[in-house]
Amino acid sequence: MKPLDVLIVGGGMITHDLLLPSIYHLKRLGRVGAITVSALNSAPLRALHESREINVAFPGMSFEALPPLSDPPERIHPELFKEALSRLAPRQAVAVAVPDAFHYDVVRDCLLHDQHVLCVKPLVLRHAQAAEIETLARERGLYVGVEYHKRFDRRSLLARRHYRDGAFGAFVMGEAKLIEPYYYRHSNFQNWFTCDKTDPFVYVGCHYVDLVWFITGIKPVGISVSGVTGRFPNGQEGYLWANGRVRYENGALLMVTAGLGYPDAASGGNDQGLLMYCEGNNRNGMVQHIDNDRGVRYTFLDADNAEGTRFRTVNPDFFRLVPWEQPGLKPTGYGYESVAANIETMIRIEAATAGLPAADALAGRRELVAEVDRQGILATPANSAINELVVEAARLSILNDGAWADIAYEPTARVALRAKG
Ligand SMILES: NC(=O)c1ccc[n+]([C@@H]2O[C@H](COP(=O)([O-])OP(=O)(O)OC[C@H]3O[C@@H](n4cnc5c(N)ncnc54)[C@H](O)[C@@H]3O)[C@@H](O)[C@H]2O)c1
């Protein structure tokens with residue numbers, strides 16, 4: 001099967017921590033051809049290029065930078081990714097990793113340039129935009145995947161299998177939390193994580209809403225999210241904490257707590273987990289995932305090795321670079337598996353339809369994408385649109401001080417603040 005060229009739009013944290021190392025490894029395995037990374041300016045690209053962690057794992061590998069590394073770091077190029085898009089042959093792969101508010105425009109541009117897309121979550125901030133992206137992709141026979149990597153955690157896949165076999169009963173009451181580290185407040189987040197654009201529920205709480213959907217297939221029908229605001233070091237105001245309640249079509253409730261505030265002095269990378277109680281036949285089932293503490297504890301000699309404190313509770317399951325049979329290190333974990341599964345799906349779609357007359361190839365690509373939609377393992381605009389509805393409802397709610405926002409599915413999906421009775 002022919003490797004795909006990959007363009008990554010956005011050179012920030014998620015590109016450094018997950019996307020670029022995964023794409024580099026896929027290149028080593030012969031699944032990916034040329035790699036380009038485009039960012040607003042050259043500074044993050046230089047940081048990627050010089051990253052010790054990446055260079056130790058992937059000796060001798062590099063990417064084409066757009067703007068080039070020699071470009072003055074203060075010069076901003078918001079439109080340059082379009083040049084990179086127009087240089088790609090049709091139906092290669094674009095990984096979209098820009099701040100949430102720009103996903104819609106960039107994904108749309110990718111599709112208009114006939115590219116398959118892997119977009120970091122959330123796909124977009126409004127359901128109508130997700131529907132538009134779904135239609136545009138279908139018209140052109142293109143694949144759009146949303147990078148909800150928690151779906152690829154073995155525990156999520158196992159829970160889905162058992163839940164759908166009826167082994168737990170029906171989800172009725174649950175709680176989830178994802179508190180990211182305090183130091184995020186000092187990062188580039190302070191430039192875009194403002195009250196008018198996003199909040200911790202939308203940013204990370206959405207992972208667990210997606211997981212409950214992934215495991216149970218029960219649709220959310222209402223949501224109330226309240227936020228706690230604070231100032232970033234640059235003075236901008238953001239929601240630093242959020243707490244939401246999601247009501248489901250069967251009456252179930254999920255409480256979600258999210259924030260940018262896990263103490264930097266604490267031992268883990270974050271605080272996170274999911275608890276679901278399920279009603280059975282005169283007995284109950286339960287699913288509990290303690291996602292921040294996976295039983296691995298290290299005490300390092302030096303803080304340099306420690307991603308923070310010397311004593312660490314380490315998650316070996318998300319994304320780790322480990323020794324392998326060849327030079328450098330290889331990525332392991334559900335983060336890598338999620339990126340690889342999306343790129344492999346694009347490669348498979350292209351391979352199955354290569355050499356067919358154009359109309360047959362288009363029909364074939366559409367059918368293969370529809371199969372992915374139906375399967376529901378990889379998140380696509382068609383099978384994960386509940387996330388856009390939840391995100392849209394959550395934004396309405398948090399900006400209205402926690403007022404309930406309802407989600408309706410018929411005759412067309414929509415979100416509205418609940419009228420005060
Ligand atoms: N768990 C997850 O799935 C997860 C984790 C972290 C981030 N994310 C998502 O990834 C996205 C990026 O997050 P991040 O933490 O990497 O942010 P970041 O602020 O570190 O990086 C954003 C990057 O986008 C680039 N960018 C912005 N506008 C651009 C444009 N017009 N053209 C080219 N590049 C442009 C910037 O140069 C920067 O390199 C967000 O949508 C976030 O929600 C997902």
Side-chain angles (χ1 to χ4, degrees), residues 7-22 36-49 51 63 65-67 71 73-85 94-110 117-125 145-153 178-181 183-194 197-211 232 234 236 238 258 260 269-270 272 291 315 318-319 333-339 342 379 384 387 391:
L7 164 66
I8 304 177
V9 185
M13 186 183 69
I14 195 76
T15 297
H16 177 271
D17 293 357
L18 173 66
L19 293 173
L20 185 60
S22 299
T36 307
V37 186
S38 163
L40 264 188
N41 58 338
S42 65
L45 299 175
R46 177 164 293 284
L48 285 174
H49 185 74
S51 159
F63 58 87
L66 214 66
D71 202 65
E74 63 283 359
R75 199 184 293 166
I76 301 293
H77 305 267
E79 302 287 312
L80 198 55
F81 77 92
K82 293 183 186 170
E83 191 182 315
L85 275 178
V94 184
V96 176
V98 292
D100 301 3
F102 304 126
H103 290 184
Y104 168 71
D105 286 335
V106 178
V107 171
R108 218 173 144 268
D109 277 327
C110 294
V117 178
L118 168 58
C119 184
V120 294
K121 64 80 222 164
L123 174 61
V124 283
L125 298 174
V146 194
E147 209 283 295
Y148 278 107
H149 44 244
K150 282 185 182 295
R151 291 181 171 210
F152 283 80
D153 192 342
L178 211 172
I179 319 293
E180 293 289 21
Y183 68 76
Y184 276 28
R185 301 184 189 186
H186 293 276
S187 74
N188 188 38
F189 274 53
Q190 55 191 313
N191 295 317
W192 62 275
F193 205 98
T194 44
K197 300 226 172 49
T198 189
D199 58 75
F201 180 93
V202 162
Y203 175 60
V204 283
C206 68
H207 274 297
Y208 281 104
V209 176
D210 179 66
L211 267 195
F232 285 102
N234 67 356
Q236 297 223 71
L260 305 181
N270 58 21
Q272 56 175 332
D291 289 338
N315 175 357
F318 164 47
F319 185 91
Y334 57 86
Y336 168 69
E337 284 167 18
S338 165
V339 175
N342 277 283
S384 73
N387 287 315
V391 160

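By convention here, the first residue in the shown sequence is residue 1. First listed ligand is number 1; within each ligand, the first listed atom is number 1. What you see is a predicted model, and the numbers here were worked out from it, not measured in a lab.
Numbered from 1 in the order shown, with element, the atoms of ligand 1 that lie under 4.0 Å from a heavy atom of Val9 read 33 (C). Near Phe81, with a cut-off below 4.0 Å to any heavy atom, the atoms of ligand 1 are 32 (N). The atoms of ligand 1 that sit less than 4.0 Å from any heavy atom of His207 are 1 (N), 2 (C), 3 (O). If you number the atoms of ligand 1 from 1 as listed, the ones under 4.0 Å from a heavy atom of Pro44 come out as 39 (O).
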For this session: Show the numbers, then the answer: is there a side chain to side chain donor-acceptor pair (under 3.5 Å) between Asn270 and Tyr184?
Result: CA-CA 11 Å; Asn270 58 21; Tyr184 276 28; over 6 Å; no

For this session: Quick one: do Val98 and His103 satisfy side chain to side chain contact (heavy atoms under 4.5 Å, CB included)? Show the steps, please.
Result: CA-CA 7 Å; Val98 292; His103 290 184; 3.9 Å; yes

Problem set entry | Verdict with supporting geometry, Leu85 and Val94, side chain to side chain contact (heavy atoms under 4.5 Å, CB included) | CA-CA 8 Å; Leu85 275 178; Val94 184; 3.8 Å; yes

For this session: List the steps and the verdict of side chain to side chain contact (heavy atoms under 4.5 Å, CB included) for Phe81 and Asp109.
Result: CA-CA 10 Å; Phe81 77 92; Asp109 277 327; 3.6 Å; yes

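Remark: minimum distance from atom 6 (C) of ligand 1 to any protein heavy atom is reached at Tyr203 OH, 3.3 Å. The nearest protein atom to atom 20 (O) of ligand 1, hydrogens excluded, is given as Met13 N, 3.0 Å; this is a heavy-atom distance. From the protein, the heavy atom lying nearest to atom 21 (O) of ligand 1 is Gly12 CA, 3.2 Å. Nearest protein neighbour of atom 10 (O) of ligand 1, counting heavy atoms only, is Val120 CG2, 3.2 Å. Among all non-hydrogen protein atoms, the one lying nearest atom 35 (C) of ligand 1 is Val98 CG1, 3.5 Å. Ranking protein heavy atoms by distance to atom 44 (C) of ligand 1, first place goes to Lys121 CE, 3.4 Å. In this structure, atom 43 (O) of ligand 1 lies nearest to the protein heavy atom Asp100 OD1, 2.7 Å. Here the heavy atom of the protein found nearest to atom 28 (N) of ligand 1 is Leu40 CG, 3.4 Å.
Taking 4.5 Å as the limit, every side-chain heavy atom of Arg46 sits out of range of all side-chain heavy atoms of Pro73. Two residues are said to be in side-chain contact when any heavy atoms from C-beta on lie closer than 4.5 Å; Tyr208 and Leu178 meet this criterion.
Inclusion of Phe189 in the set of residues having an N or O under 3.5 Å from an N or O of ligand 1 is not warranted. No N or O atom of Thr15 sits closer than 3.5 Å to an N or O atom of ligand 1. Below 3.5 Å of separation, one finds an N or O of Asn188 facing an N or O of ligand 1.
Heavy atoms of Glu79 come nearer than 4.0 angstrom to ligand 1 in no pair at all. At least one heavy atom of His149 sits less than 4.0 Å from an atom of ligand 1. His103 counts as a contact of ligand 1, since one of its heavy atoms falls under 4.0 Å from the ligand.
From Asp210, atom CG reaches atom NZ of Lys150 across 10.5 Å, with rounding to the nearest 0.5 Å. To the nearest 0.5 Å, atoms OG1 (Thr36) and CG (Leu66) are separated by 7.0 Å. Considering SG of Cys206 and CG of Leu123, their distance stands at 11.0 Å, rounded to 0.5 Å.
With Gly10, Gly11, Ala95, Ala97 as candidates, the residue nearest to atom 12 (C) of ligand 1 on a non-hydrogen basis is Ala97. Taking all heavy atoms of Pro78, Ala39, Ala101, Pro99 into account, the minimum distance to atom 24 (O) of ligand 1 is reached by Pro99. When the heavy atoms of Leu178, Ile14, Val146 are ranked by distance to atom 5 (C) of ligand 1, first place goes to Ile14.
Between Val391 and the options Asp199, Val202, Asp100, a side chain to side chain contact (heavy atoms under 4.5 Å, CB included) holds for only Val202.
With a heavy-atom cut-off of 4.0 Å, Trp192 touches ligand 1 through its side chain alone.
Atom NE2 of His49 sits in a sparse spot, with 12 or fewer heavy atoms from other residues, nucleotides or ligands closer than 6.0 Å.
Between Tyr203 and Trp192, the ring planes lie perpendicular to each other; the angle is over 60°, past the 30° to 60° tilted range. The aromatic rings of His149 and Tyr334 sit tilted, their planes meeting at an angle between 30° and 60°.
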